[in-house]
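A, B, ... follow the sequence lines: proteins, then strands. Residue 1 opens every chain.
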Amino acid sequence: MSDKKVRVRFAPSPTGGLHLGGVRTALFNYLFAKKYGGDFILRIEDTDQNRYVEGAEAYIMDCLNWCGIIPDESPVTPGKYAPYRQSERKSIYREYAERLVMQGHAYYAFDTAEELDKNRKEIPNFQYGQVYRDGLRNSLSLPQHEVDQLLANNTPHVIRIKIPADETVSFTDMIRGRVSFETNQVDDKVLLKADGMPTYHLAVVVDDYLMKISHAFRGEEWLPSAPVHLLLWNYLGWKADMPQWAHLPLILKPDGHGKLSKRDGARLGIPVYALDWEDEQSGTTTQGFRGMGFLPEAFVNFLATLGWNDGSGQEIFTMDELISKFSIERISKAGAKFDFEKARWYNAEWIKKVKGERLKAAVKKILEDKGITIKNDTYLLTVIELVKDRCTLLSDFYPQACYFFESPKEYDLNAVKPKWTEEKTAFFNKVIELQKTVEQIEAVELENTFKALAEEKGLKAGDVMLPFRIMLVGGKFGPHVFDIAALLGKEETIGRINKALVVFNN
RNA sequence: GGCCCGUUCGUCUAGGGGUUAGGACGUUAGAUUUUCAUUCUAGAAACAGGGGUUCGAUUCCCCUACGGGCUACCA
């Protein structure tokens, strides 16, 4: 590491929902910045006006916010390198592109998209580069006066980098080590588009320089274009200020192979977005991790361990632990398949780990959305503590806790009916009678009287405990049945026994 | 096709010239829980192949295979 201040950027394109891979790139940037006391910058790369999606930028910020990945500088919290949207920086880039043309490292190209498509179709391995550029319409092949004329007439044109012949471009990637490319294999990428907007290649170099970025993390899919960026840093005379690169391993599809894409979510019925994403054009909503019932702590924890580990075998990390333990050397080189089952496990672990209070607001909303009225937060909290060990997703709190708020609508009759007898009816009537005399139900006391009574009636405790559970809960699940009765209270418990007795005896 | 990157249980991974190749998820069996879940115990499960280098390679080198990425006036 050099001694300059650590400044990293996450630079998404606002073209839709942010998926897993993007969030992980943001997370690694953030962890690295915070570990070294540096700045984490959010820069919006909206240079492609055709792909711009309304609402995507706000979504990205909500997403980072939910994850606890808070930028030090962003479009809405600008620092001294504003603006942070490339569309608003449009006027900056042309100057650098022109400078490269002046220096002979770039040139104007007038070819139309149709002409290029034709070439690509007809010439195998066609590349706009040293082999073919003399035969194309550009300021290298055309006579000077014609170029001047074309420019004077405002003929649509782009500026392309002139990749040199017979050179080897190499650099040391923080994750992969030495990586080399032959310039003969690299094509003359467009730097400035006909609409005056820069392409990613120009913008990323200019902005990383201007914003004093010290370390650049991005997905491995960018590796092939690294030589273009390296050359640009050189030609622009900024070589000494170039950030150190780190190309992150890709996140792969859970099944089969390939890079995880947004479509995989719908195809496999799993979330790939952090937050729900509403597509305005199709009117469809794609459910994200939050909507599905994930805690951000679990989501972040899961993402961090996809391609990174601390070497100790520890699986559960808080954000602070991640920050202090994160290190680039421990990022793996190979892509990692997205394993949704493991993500669920992380969530279950986090639900068990956090205090009920942390869960309260989310659980309350889930229950209320299902039509349950919550009058007492203390009661809710007790319920949460009682059932949270059996929830994997936050949404599991509904089936696991609803019976604490309303009596069962249905009973698992198969579990009681076949073995139901008049003796059992008598037993429960006696239970009611006895409970009417107590001030309030206390779990241990109830358990004692319940068992004593069963013995007295010649019944096995187990034979009446299950029916009792079905009466209160509706099914064969939930915490200790006497705890449930105690929490439900005397009136409610007696009421539910009576109600169930009618059904059981029918 | 060309270029670049990669390859340890099904999955995420630790390890690294001499190890019974370790952990986690999932899975199987058992214990606990008079329900379910939790928890606990145990089990099955991996170094892609071939050449080197070496006394000795899973580990280092080369080749092959396989996988992935890129190959737009998209990022």
- prompt: So with a 6.0 Å cut-off around NZ of A/K162, is the heavy-atom count from everything else above 12?
  reply: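 Open: at most 12 neighbouring heavy atoms sit under 6.0 Å from NZ of A/K162.
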task: Inspect the surroundings of NZ in A/K355 and state if more than 12 heavy atoms from other residues, nucleotides or ligands are less than 6.0 Å away.
output: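 12 or below, so no.
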- request: Report which part of the nucleic acid A/G219 touches: base, sugar-phosphate, or nothing (heavy-atom distance under 4.0 Å, all strands).
  value: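 Since no nucleic acid heavy atom lies under 4.0 Å of A/G219, the category is nothing.
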message: Over all strands shown, is A/R330 touching base, sugar-phosphate only, or nothing at heavy-atom distances under 4.0 angstrom?
response: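 Counting heavy atoms under 4.0 Å across all strands, the contact made by A/R330 is with sugar-phosphate only.
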Less than 4.0 angstrom between a side-chain N/O of [X] and OP1 or OP2 of [N], yes or no?
X: A/R390; N: B/rU39; answer: no
X: A/T47; N: B/rA75; answer: yes
X: A/K189; N: B/rC70; answer: no
X: A/S332; N: B/rU13; answer: yes
X: A/K193; N: B/rC74; answer: yes
X: A/K476; N: B/rA37; answer: no
X: A/R160; N: B/rC73; answer: yes

- prompt: Taking the nucleotide of RNA chain B with the closest heavy atom to each, which residue, A/C391 or A/F126, is nearer the 5' end?
  reply: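 With A/C391 and A/F126 compared, the 5'-side residue is A/C391.
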Whole-Å distance between [N] [atom2] and [X] [atom1]?
X: A/H201; N: B/rC70; atom1: NE2; atom2: P; result: 12 Å
X: A/W308; N: B/rC12; atom1: CH2; atom2: C1'; result: 13 Å
X: A/E57; N: B/rA75; atom1: CD; atom2: P; result: 16 Å

query: In terms of ring plane angle, is the pair A/F450 and A/F482 parallel, tilted or perpendicular, where the classes change at 30° and 60°?
result: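 Taking A/F482 first and then A/F450, their aromatic rings stand perpendicular (interplane angle over 60°).
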Counting only Watson-Crick or G-U wobble pairs whose two distances fall under 3.5 Å, which nucleotide matches [N]?
N: B/rA44; result: none
N: B/rU53; result: none
N: B/rU33; result: none

message: Between A/R51 and A/T15, does the side chain to side chain donor-acceptor pair (under 3.5 Å) criterion hold? Intermediate values first, please.
response: CA-CA 6 Å; A/R51 294 211 310 158; A/T15 54; 4.5 Å; no
Please list, one pair per line, the donor and acceptor atoms closer than 3.5 Å that link side chains of residues 124-131 of chain A to other protein atoms, with sequence neighbours excluded.
unit_1: A/Y128; atom_1: OH; unit_2: A/D111; atom_2: OD1; d: 2.6
unit_1: A/Y128; atom_1: OH; unit_2: A/N138; atom_2: ND2; d: 3.0
unit_1: A/Q130; atom_1: NE2; unit_2: A/N184; atom_2: OD1; d: 2.5

message: Regarding A/E98 and A/Y108, do their side chains bring together a donor and an acceptor under 3.5 Å, going by distance alone?
response: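 Judged by distance alone, the side chains do pair up.
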What pairs of nitrogen or oxygen atoms, one from the protein and one from nucleotides 32-34 of chain B, lie under 3.5 Å apart?
unit_1: B/rU34; atom_1: N3; unit_2: A/G462; atom_2: N; d: 3.4

- prompt: What string of B, S and - do you get for nucleotides 1-11 of chain B, 5' to 3', when a contact is any protein heavy atom under 4.0 Å?
  reply: BSSSBSS---S
